[in-house]
Amino acid sequence: MISTTTPTIEGKKIVEYKEIVFGEVISGMDFIKDFAAGLTNFFGGRSKSYEGEMIKAREEAILEMEKRALSLGANAVVGVDIDYEVLGQNGNMLMVTASGTAVIIE
């Protein structure tokens, strides 16, 4: 399945627009990741534990969005947007939402 942030797909014709589809993932950060990120914050550098969690959550959200598009009979998603939010009382949960328009292309 093609998923793109653009409203069209070069060389392809959109023959039918289905509906807006979403994929949501809420991921909790655990004590070990928080501790490692705290050390990174203190000493400087990149937080590989948080980066890895964000990458995984984003990929899962896109996959979920594509599965929902497929269930509608679509073979592509255009206008994809990815949003990130921090949730929870202590800000220890990450929500990633992927959205776009499910379409049929030929």
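Count residues from 1 along the sequence.
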*Determine, step by step, whether Glu66 and Ser3 satisfy the side-chain contact (heavy atoms from CB on, under 4.5 Å) criterion, reporting the C-alpha distance in whole Å, the side-chain angles of both residues, the deciding distance to 0.1 Å, and the verdict.*
CA-CA 8 Å; Glu66 290 174 341; Ser3 292; 2.6 Å; yes
*List the steps and the verdict of side-chain contact (heavy atoms from CB on, under 4.5 Å) for Glu64 and Val25.*
CA-CA 8 Å; Glu64 182 66 31; Val25 172; 5.5 Å; no
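Residues Ile14 and Ile9 are members of one and the same hydrophobic cluster, defined by side-chain heavy-atom contacts under 4.5 angstrom among Ile, Leu, Val, Met, Phe, Trp and Tyr. Under a hydrophobic clustering in which Ile, Leu, Val, Met, Phe, Trp and Tyr are joined whenever their side-chain heavy atoms come within less than 4.5 Å, directly or via other members, Ile26 and Phe22 fall into different clusters. In the hydrophobic clustering of this structure, Val21 groups with Ile82; members are Ile, Leu, Val, Met, Phe, Trp, Tyr whose side-chain heavy atoms approach within less than 4.5 Å, directly or through other members. Under the 4.5 Å side-chain heavy-atom criterion for grouping Ile, Leu, Val, Met, Phe, Trp and Tyr, Met65 is connected to Tyr84 within one hydrophobic cluster.
With a 4.5 Å cut-off on side-chain heavy atoms, Ile104 and Lys18 count as touching.
Rounded to the nearest 0.5 Å, atoms CD1 (Ile2) and CD (Glu10) are 11.5 Å apart. How far CG of Leu63 is from CZ of Arg68: 11.0 Å, rounded to the nearest 0.5 Å. Atoms CG and OG1, on Asp81 and Thr5 in that order, are 9.0 Å from each other to the nearest 0.5 Å. The CE atom of Met1 lies 12.5 Å from the CD1 atom of Ile62; values are rounded to the nearest 0.5 Å. Here the CD-CG distance, from Glu85 to Leu94, works out to 9.5 Å after rounding to the nearest 0.5 Å.
Residues forming a side-chain hydrogen bond (donor to acceptor under 3.5 Å, both in side chains) with Ser71 (at least two apart in sequence, or on another chain): none. Contacts of Glu19 classified as salt bridge (Lys or Arg N to Asp or Glu O under 4.0 Å), with partners at least two apart in sequence or in another chain: none.
Note on residues 96-106: no pairs pass side chain to side chain donor-acceptor pair (under 3.5 Å), not counting sequence neighbours.
At most 12 heavy atoms of other shown residues, nucleotides or ligands fall within 6.0 angstrom of atom CD1 in Ile20.
The two residues Leu72 and Ala102 have their closest heavy-atom pair at CD1-CB, 4.3 Å.
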